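What you see is a predicted model, and the numbers here were worked out from it, not measured in a lab.
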Amino acid sequence: MIHPAIGTVDLSFRPVRYYLTFGMTSKSVILNTAAAQLEVMSESAVSAVGHDELAALKFVALEGALSAPVKISCSALADRLDASNQTASRRLQRLEEAGHVERDVVADGQWVTLTESGEAALHREYAHYRRIFEGTDPSTVDLDGTVTSGMGEGRHYISLSGYMEQFEERLGYEPFPGTLNVDLDEESVRARSAVSSLSGIPIDGWEDDERTFGPATCYAATVAYDGDVAETAHIIVPERTHHDETQLEIIAPVRLRDALDLDDGDSVTVEVEAVR
């Protein structure tokens, strides 16, 4: 079941944001101007995350925030970053606004946790350093999981002309109308964040007379089961989604359940590849 939320209307002219996810049947409209302005500020904050903020993010991760909330004081962070307490506080605030960390401020500091977005940002940095020091190109990510049944809504949305035309042009095939859903194991849930460091294929958002449908990114993949491999497939990742990050959705020119003789509960390996 794919859930790409729609794009953002230019709020400088119309303070309205429309949301549509796969699995919903109509638009929900938020007309609150103040809320819209706050969202614009939040989106601006994402672009404000630079090398200084990434240094703060790395410090938080080294303290253990990748696996559990850690107690961070601005003075300790300031010492590590050779900055003032005020500057250290601003960097954490920017990381929070960008969605890279979650904070719970208490009297003597704050509890900080890395989000999946923050982990993905560190994975991208890691990939760059591997290229620099190891001369390697971490161009694949292996993910393991079990086949599961979806809610059947992917069949409809995959078949919509606004998406299908782009699939044919950019992926080189017409997907089977439906997705293979894979529940990732615990290790692969963490590894999944590395996928964002790979180059993918953009699928643009579009609209018809009634709805606006959001963009997504497709990543080339292979699916292996019991010695057989489906060589042509893509995982599809909506830009905005209510979908659980523990699950992959995979499209292919054939019905993968038939091609690989898959049933619910079967263990598969998905190798996600960078687009060359």
query = How close do Ile236 and Ala216 get, heavy atom to heavy atom, and via which atoms?
reply = CG1-CB, 4.1 Å

query = Quick one: are Leu143 and Leu248 in side-chain contact, heavy atoms under 4.5 Å?
reply = yes

ask   = Is there a side-chain contact between Val182 and Thr148, using heavy atoms and a 4.5 Å cut-off?
value = no

query = How many angstroms lie between atom CD of Glu174 and atom CE of Met164, to the nearest 0.5 angstrom?
reply = 4.5 Å

Shortest non-hydrogen contact from Ala65 toward Val112 = CB-O, 3.6 Å

task = Kindly assign one of parallel, tilted or perpendicular to the pair Trp206 and Phe213, based on the angle between their ring planes and the thresholds 30° and 60°.
result = parallel

Co-membership, hydrophobic cluster, residues Val60 and Trp111, 4.5 Å side-chain = no

task = State whether the side chain of Thr115 and the backbone N or O of Gly99 hold a donor-acceptor pair below 3.5 Å, judged by distance alone.
result = yes

request  = Please round to the nearest 0.5 Å and tell me the distance separating atom CD of Glu271 and atom CD of Glu231.
outcome  = 9.0 Å

key: Interatomic spacing from CG in Leu262 to CZ in Arg255 - rounded to 0.5 Å   = 9.5 Å

ask   = Taking the side chain from Thr179 and the backbone from Ile250, do they hold a donor-acceptor pair closer than 3.5 Å?
value = no

note = Rounding to 0.5 Å, atoms OG1 (Thr269) and CG (Asp142) come to a distance of 7.0 Å

ask   = Just by modelled atom types, is the Pro202 backbone N or O under 3.5 Å from a matching donor or acceptor in the Arg170 side chain?
value = yes

task = With the side chain counted from C-beta on, respond yes when Val101 and Thr113 share a heavy-atom pair under 4.5 Å apart, and no when they do not.
result = no

key: Minimum heavy-atom distance between Leu256 and Ala230, given as atom pair plus value   = CD2-CB, 3.6 Å

ask   = Can you list the steps and then say if Lys71 with Asp108 is a salt bridge (charged side-chain N to carboxylate O under 4.0 Å, His left out)?
value = CA-CA 9 Å; Lys71 189 78 165 291; Asp108 58 343; 3.1 Å; yes

Which atom of Ser149 lies closest to which atom of Asp264, heavy atoms considered = OG-OD2, 2.6 Å

ask   = Closest approach of Tyr163 and Ile203, non-hydrogen atoms and distance?
value = CD2-CG2, 3.8 Å

inquiry  = To the nearest 0.5 Å, what is the distance between CG on Leu92 and CD on Glu97?
reply    = 11.0 Å

ask   = Between atom CD of Gln110 and atom CD1 of Ile72, what is the distance when rounded to the nearest 0.5 Å?
value = 7.5 Å

inquiry  = So Leu260 and Val229, do their side chains get closer than 4.5 Å, heavy atoms only?
reply    = no

query = Any side-chain heavy atom of Val147 within less than 4.5 Å of one from Leu180?
reply = yes

message = When you compare the side chain of Glu119 with that of Arg190, does any pair of heavy atoms fall below 4.5 Å?
response = yes

ask   = Are a donor atom and an acceptor atom from the side chains of Asn85 and Thr87 found within less than 3.5 Å of each other?
value = no

Any donor-acceptor N or O pair under 3.5 Å, side chains Thr146, Asp183 = no

message = Please check: side-chain N/O of Glu168 versus main-chain N/O of Glu165, any donor-acceptor pairing under 3.5 Å?
response = no

ask   = So, Asp79 side chain and Ala76 main chain: donor-acceptor pair closer than 3.5 Å or not?
value = no

remark   = Of all heavy-atom pairs linking His234 and Tyr173, the shortest is ND1-OH, 2.8 Å

message = Would the distance check show the side chain of Thr140 and the main-chain N or O of Glu273 forming a donor-acceptor pair, the cut-off being under 3.5 Å?
response = no

query = Any side-chain heavy atom of Asp204 sitting closer than 4.5 Å to one from Gln166?
reply = yes

key: Val237 and Arg192, any side-chain heavy atoms less than 4.5 Å apart   = yes

